[in-house]
Amino acid sequence: MSGNLIYLDNAATSFPKPREVLKKMLKTYVRSGVSPGRGSYDLADEAAELVYQTRRKLTRFFSASDPERVIFTANATDALNIALQGLLRPGDHVVSTRLEHNSVLRPLYHLEKQGMIEYDLVCFDDSGYICPQQIMKAVKHNTKLVVVSHASNVLGTVQPAKEIARLCSEHGIPLLLDAAQSAGHIPIDMHSWGIGALAFTGHKALLGPTGIGGLILSPGLDIRTTRFGGTGIESRSLIHTQSFPHRLEAGTLNLAGILGLSASLDYLEQKNYEHLWQREMALTQRLYDGLRSISKVVFLSPPPTKQSVPVLTCAMKDMDSGDVGDILDGDYGIAVRIGLHCAPLVHVDLGTDASGAIRFSPGPFNTDKDIDFAVAAMAEIAAHS
Ligand SMILES: Cc1ncc(COP(=O)(O)O)c(C=O)c1O
């Protein structure tokens with residue numbers, strides 16, 4: 001940890017990054033940090049090969065079908081925007097959920113306000129899960145896309161993506177899965193689950209740097225270009241290159257970010273990321289057990305289960321979450337995320353939209369001691385409120 005800070009905000013971004021990842025990223029960037037695929041010299045080819053290797057690693061990691069359909073983006077928000085704007089056409093209907101992050105809610109709202117689409121949002125149940133059948137009930141004759149957040153960044157609940165994808169496939173509707181909170185925690189099998197498109201971000205549980213993410217598309221999915229520019233090929237034409245991945249990538253790629261992501265994928269493989277998840281879930285359970293003994297703590301998250309990511313959100317009775325966050329930071333050196341977590345509808349439905357809530361999200365470098373200290377801090381805050 002940095003200084004005495006106890007960092008429990010890994011759902012915002014994982015911190016610190018593994019040293020091995022940063023070292024490897026720097027070493028490769030120092031050696032090959034030129035514009036990938038744009039030059040006639042060997043080093044440009046080498047950089048392009050490193051980019052391609054990362055596409056291949058991502059294809060394996062998410063059991064996707066084709067490295068050419070791995071599109072590098074700035075983050076999950078960018079990937080979701082590219083997908084929503086490129087897949088939807090005037091008159092289309094979309095089914096999504098009230099668990100979504102603003103990175104889905106805002107693009108959908110924007111497209112609706114432009115008069116282009118309409119959408120319906122399915123409610124989550126008392127435990128924070130989406131029932132796949134409810135999604136299907138919301139499907140209409142013109143539904144062209146289902147968008148679901150795989151893991152809720154407020155509740156930590158992991159949605160039954162495989163079952164949702166199966167039902168979507170039966171109806172011939174692609175599922176766009178927002179894996180911002182699940183990628184790196186929960187294994188995702190794009191091909192066998194039948195996921196149409198997957199949006200991920202590199203800087204959370206994938207343990208890479210900020211500024212890199214991706215959109216992975218299933219083989220048959222047609223998508224329009226919404227950003228235009230240089231691709232390093234077919235430069236004479238004013239029409240943006242239509243072959244993948246260039247169709248959706250315009251401009252020089254974030255090579256440093258891609259190399260960082262490549263190194264973090266190696267790290268996750270070497271450490272076995274499911275073991276990391278198990279460890280982080282044990283910390284989340286310890287936190288839950290500790291906070292449960294404080295009568296003023298009210299949980300928004302259900303108890304951690306095998307269908308959860310290491311995210312635990314609660315409120316303190318009669319206190320604003322911002323005040324709790326300030327005390328945790330100022331008096332105890334504990335970093336958490338307070339407020340609405342960019343997922344306002346979850347808070348509306350749980351009645352915490354006025355006061356917000358406090359989100360704890362342990363990461364791979366937290367210890368039992370960090371958790372016990374956080375529980376003790378919350379107990380003192382409760383006692384003095
Ligand atoms: C569920 C979910 N979707 C999307 C995002 C957006 O990720 P990014 O900020 O990396 O684009 C987040 C970020 O917190 C998230 O939690």
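Basis for what follows: all heavy atoms, side chains included, without hydrogens, waters or symmetry-related copies. First listed ligand is number 1; within each ligand, the first listed atom is number 1.
- The atoms of ligand 1 that sit less than 4.0 Å from any heavy atom of Ala180 are 2 (C), 3 (N), 4 (C), 5 (C), 12 (C), 15 (C).
- Judged purely by atom type and a 3.5 angstrom limit, Thr313 has no side-chain atom pairing as donor or acceptor with the backbone of Arg359.
- Scanning for side chain to side chain contact (heavy atoms under 4.5 Å, CB included) contacts around Glu163 gives Pro132, Gln133, Pro160, Arg166, Leu167, with sequence neighbours left out.
- If you check each of Val104, Thr73, Thr77 against atom 9 (O) of ligand 1, the one with the closest non-hydrogen atom is Thr77.
- Relative ring orientation between Phe61 and Tyr273 is described as tilted, the plane-to-plane angle lying within the 30° to 60° band.
- By the criterion of a heavy-atom distance under 4.0 Å, the side chain of His203, and not its backbone, is placed next to ligand 1.
- For Phe200, the ring-ring contact (aromatic ring centres under 6.0 Å, His included) criterion is met by Phe62, not counting sequence neighbours.
- The shortest contact between atom 16 (O) of ligand 1 and any protein heavy atom is with Gln181 NE2, 2.8 Å.
- In terms of polar-atom proximity, Thr201 is counted as a contact of ligand 1, with an N or O under 3.5 Å from an N or O of the ligand.
- Inspection of the His347 and His341 side chains reveals an N or O donor paired with an N or O acceptor under 3.5 Å.
- Both the backbone and the side chain of Ala76 come within 4.0 Å of ligand 1, judged by heavy-atom distances.
- Here Met25 contributes atom CE and Leu255 contributes atom CG; the two are 9.0 Å apart, rounded to the nearest 0.5 Å.
- In this structure, Lys204 counts as a contact residue of ligand 1, since one of its heavy atoms falls inside 4.0 Å of the ligand.
- For atom 2 (C) of ligand 1, the nearest non-hydrogen atom from the set Asp178, Asn153, Leu99 belongs to Asp178.
- Nearest to atom 15 (C) of ligand 1 among the protein's heavy atoms is His101 CD2, 3.3 Å.
- Among all heavy-atom pairs drawn from Thr367 and Leu283, the shortest one is C-CD2, 3.7 Å.
- Assignment of Glu100 to the shell around ligand 1 is not supported, since no heavy atom sits closer than 4.0 Å.
- Look at Ser103 and you'll find a heavy atom under 4.0 Å from some atom of ligand 1.
- Close contacts between ligand 1 and Ser149 involve ligand atoms 1 (C) [criterion: under 4.0 Å to a heavy atom].
- Ring orientation note: the planes of Phe228 and His240 are nearly perpendicular, at an angle over 60° on the 30°/60° scale.
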